[in-house]
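Take a look at the structure below.
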Amino acid sequence: MEKLTDAIEKLPLVDHHVHGALAGAVDRATFEVMITESSVPAPAGTTHFDSQVGFSIRRWCAPLLDLAPHCSPEEYLARRDELGNDEVNRRLLAATGVDRYLIETGYQGDATLGLQQMATAGRRPVHEVVRLEAVAEEVARSGADAAGFAATVRERLADSATTAVGFKSIVAYRHGFDVDPSRPADVEVARAADRWLREVGTTGTARVADPVLLRFLLWQAVDLGRPLQLHVGYGDADLDLHRSNPLLLTEWLRQVQGRLDVLLLHCYPFHREAGYLAQVFPHVYFDVGLALNYVGARSTAVVAESLELAPFAKQLYSSDAWGPAELHYLGALNWRRAMTRILGQWVDDGEWSLDDAVRVATMIGSTNARRVYGLPES
Amino acid sequence: MEKLTDAIEKLPLVDHHVHGALAGAVDRATFEVMITESSVPAPAGTTHFDSQVGFSIRRWCAPLLDLAPHCSPEEYLARRDELGNDEVNRRLLAATGVDRYLIETGYQGDATLGLQQMATAGRRPVHEVVRLEAVAEEVARSGADAAGFAATVRERLADSATTAVGFKSIVAYRHGFDVDPSRPADVEVARAADRWLREVGTTGTARVADPVLLRFLLWQAVDLGRPLQLHVGYGDADLDLHRSNPLLLTEWLRQVQGRLDVLLLHCYPFHREAGYLAQVFPHVYFDVGLALNYVGARSTAVVAESLELAPFAKQLYSSDAWGPAELHYLGALNWRRAMTRILGQWVDDGEWSLDDAVRVATMIGSTNARRVYGLPES
Amino acid sequence: MEKLTDAIEKLPLVDHHVHGALAGAVDRATFEVMITESSVPAPAGTTHFDSQVGFSIRRWCAPLLDLAPHCSPEEYLARRDELGNDEVNRRLLAATGVDRYLIETGYQGDATLGLQQMATAGRRPVHEVVRLEAVAEEVARSGADAAGFAATVRERLADSATTAVGFKSIVAYRHGFDVDPSRPADVEVARAADRWLREVGTTGTARVADPVLLRFLLWQAVDLGRPLQLHVGYGDADLDLHRSNPLLLTEWLRQVQGRLDVLLLHCYPFHREAGYLAQVFPHVYFDVGLALNYVGARSTAVVAESLELAPFAKQLYSSDAWGPAELHYLGALNWRRAMTRILGQWVDDGEWSLDDAVRVATMIGSTNARRVYGLPES
């Protein structure tokens, strides 16, 4: 057991889907909405700290800020301010044991550290993952016309593919996986672009939600053949969770088999469904990131459920942290503790060998991501 | 651990959704269908006692009737008859440790004790929860005409709101949550009422299942702003379980945010989905009542799954017992044992502090309900 | 505990849904795709052995082939070849402790042992389960015309019913449970048969997927009144998993109540949904076969989830093994270990009596199947 604990504790992780840490100090109200997928304050008389992630912060992050475990939220936030956000980032990112961050840069970039800043703060190499919808919206804001829209987006994505290690789609947020799986015809795309660009012109806001354009983006990623991350399941109240069930993608997955690798992100509470897809489709991978932060002490149960149908070569680690570096740290901590307990139990029960347990933890925490994204050895 | 066990054992619960205990003795066949959500006898050669709830009755209720744990169903029922239903009610209700019952009076009232009788039998204060559909059906039976239907229902509900602590809807049973989320126009309501009242006139039976009328009732509750309980998930064979997935309510929940608190009842097997809604929407609460009675020894697993995404201020306790006081008792017993085991393990593992564990159990078992329903301190 | 372990270990199982063991030796590539529901090789640099079932084979089957637990896949397959497929069948089938096999003969019969060969290899009596769709396809291939199609199929099924113990439908694969639940009219069936038989004539391939014909077959089984097995949930990539949720059958189950017993097979990840149906409908039964093989060390969790709402008289054991006798053996082994751990824990905790635990294991492993299928006592 000690050998397993030690191996998993020291395993240099690839966090294959993550965002930047906080760029500066925030007040308590702001911090509270950053540790929940709710976008509003907790009801009067309650606090978002009374949650698994809140308890994890007080238990596991407090000692790294020189506080006693289980200190109060007030004590925690006061000490956080005292140390300053940079020092908190430094301490918590150092404690993650992450060797590589694959950073998705498409969401609210200003509040968080950029690619180079994350490399500096975390003292580890970073790679970029480009959000398809963000590229389309950038093109729309730059005043593209409908005739040239598709070609410009295609070109920008092709450019990105030379530096980014993969793409990401949030079609689950913008429409749901109950989208037509087929590639849209050029004329449909042009028509949808025309409609949308007029709307952008009128409203001044570029938020792509047209299903034809969302499908166009997905199929561009297919053509480029780079790994494609898909938001699946748990997220904020913008989402229709039942329409983000990955099983709704089954027909699309059939159509793109052999063209690219698809990485299902988060997946809770559909992680068993994701495990099924990862078994039957050679190009499907998944993780249980994001959820682990928010289920805290229940991480062991969620990780265990992810280790059922899915082949061990088809699972990855991510934190999906965004903002407070507490989330970058807890993602790794919860995963390591969960894996240690689950695999440790199986070794104790004589079900698995110790060597296999170490090997599987290494695959999921690092090797699989290195292989799928073609990362250099560290 | 002893401190935690003791604190949870002695915690005066608010059972925020429950029905009356049996009003009189019943024979074995009747008792059997009261300890299952099936409405028919078990297949030949089998018995509804061969189930988790049947085993729980023999294990945990038997000693309260002076029998050995695990006695046979025959011994149990013979002793139950010998003591008489009143004495059984008295013993089992006393053992619940419930401080307040919030009693929903809309279902088969004759077989069970009414509000005042429950207060007497249970020796604790009771509060009423009014079923929206029952009020509409009462109005229909009273010979209302279509022109006055909406106004009469509105008035009756407003009257109820002065004494009841909340409302309940069984739209999940009568249609499913795949109902149009928007408020129906007055003219639609009048038309639907006309149709339905003619039908009531013809058949002599008033059972509201028209989706327009069901939506009208929901929106009346929104206008009144009192806590609204919704049957979610597990129930009897009248239900299309997949249409009672609370995620289907997402758009309606968005529309009513800020207008009232919504309490999702039972939720099994969608309790993780309910936990998600309780995190992202400030006005959503839930419990895993009913299910605990019927999963018995598996209560620990189900309660643990409910303690994942959901903030601790957003969960409540209920038994949803109806009929045999065994169900009133086992609901509380299963919840207490589950919470003790789960939180006790987390304290042992150093994940949670003991103080937090006691505090969270108190919130879920009592404080949250007192706050949401505005109950007086006991 | 020893008494329980011993009782479950020696329990003569009825494997109520299984296929033949491998008829001859296969190479590694073939063996690999037989231990997954994927139909293609694992991605380059990975192996299907890196999965729960792969680990179970190396752990539990290896010793029966005189190898050390956790030996490498290479060692395992080399020894398998050395012993020869017949000897491997003999050893692994002997170790299952299965008393009766109910063999479904509709899938890829050539690669696997037939009924009599399985009786010989397994040294135990076998019974046949007839796949509805296979009978329809046989009739189509035999050159039936549309006018006589329905009558011929009806006759063949009635003939089968005199020797087979039950029927099986794969409507979940061929369409999904979101099929019209009502019995199709004769004229619809004739029209659909005409369409399909022309297609069979043209393509030379008989694969029934027309929803009218699939419904016709289901209702034939209803008329014959024999136990009907339905594939539910987990299977290969041909399936739309979300359309195999057994809750989609609710209305059909209401319509056929009292006409026949329906046995939901596998059910993962919908086993809780299946448990609900088994509680509320007197004619519904289920198992968690197939899944147990593929979740390996997680069998305890999956079996535990199946022991929630479902009455103990409504659950059965199956392996759903097809091909490698490793799957016949591991199905039984995983179920026995899971039941021993779960029930043993409940006995230890004082929740269940030891006698009840032995009795429930016996019901699920044997008695329920004997009663439902009317099997002779062994």
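In the text below, chain A, chain B and the rest are named by the order of the sequence lines, each starting its count at 1.
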Can you tell me which portion of [X] sits under 4.5 Å from chain C's heavy atoms? Options are side chain, backbone, both or neither.
| X | value |
| --- | --- |
| B:Ala42 | neither |
| B:Asn245 | neither |
| B:Asp236 | backbone |

- Task: Find the one option among B:Val40, B:Thr47, B:Leu241 whose heavy-atom pairs under 4.5 Å with chain C are most numerous.
- Result: B:Leu241

- Residue among B:Arg243, B:His242, B:His48, B:Arg337 with most heavy-atom pairs under 4.5 Å to chain C: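 With the most close heavy-atom pairs to chain C, the winner is B:His242.
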
- Quick check: are there more than 12 heavy atoms from other residues, nucleotides or ligands sitting under 6.0 Å from CD of B:Glu74? yes

So, for [X] and [Y], which heavy atoms are closest and what is the spacing to 0.1 Å?
| X | Y | answer |
| --- | --- | --- |
| B:Ser51 | C:Pro311 | CB-CA, 4.4 Å |
| B:Pro43 | C:Pro282 | CG-O, 3.4 Å |
| B:His70 | C:Ser353 | CE1-N, 3.4 Å |
| C:Val280 | B:Gly235 | CG1-O, 3.7 Å |
| B:Gln52 | C:Phe312 | N-CZ, 3.5 Å |

- Using non-hydrogen atoms and a 4.5 Å limit, figure out which bit of C:Trp346 sits close to chain B: side chain, backbone, both or neither.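 The side chain, not the backbone.
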
- Item | Under 4.5 Å from any heavy atom of chain B - which part of C:Phe270 |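 Neither; nothing under 4.5 Å.
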
Looking only at heavy atoms and a cut-off of under 4.5 Å, which of [options] has the most pairs with chain B?
| options | value |
| --- | --- |
| C:Gly350, C:Ala313, C:Ala304 | C:Ala304 |
| C:Glu305, C:Met363, C:Glu251 | C:Glu305 |
| C:Lys314, C:Arg254, C:Arg371 | C:Arg254 |

- Message: What's the separation between atom CG in B:Asp240 and atom CG in C:Leu248, rounded to the nearest 0.5 Å?
- Response: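 It comes to 9.5 Å.
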
- With rounding to the nearest 0.5 Å, note down the distance linking CG in B:Asp50 to CG in C:Asp356.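 CG of C:Asp356 is found 7.5 Å from CG of B:Asp50.
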
- Message: So that I know where these two stand, are B:Tyr268 and C:Tyr276 an aromatic pair - ring centroids less than 6.0 Å apart?
- Response: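 Between C:Tyr276 and B:Tyr268, which both carry aromatic rings, the centre distance is not below 6.0 Å.
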
- Chi angles and distances behind the side chain to side chain contact (heavy atoms under 4.5 Å, CB included) call for B:Val295, C:Leu309: CA-CA 6 Å; B:Val295 305; C:Leu309 294 189; 4.0 Å; yes

- Task: Would you please test C:Gln279 and B:Tyr234 for side chain to side chain donor-acceptor pair (under 3.5 Å) and show each step?
- Result: CA-CA 11 Å; C:Gln279 180 184 108; B:Tyr234 177 47; 2.5 Å; yes

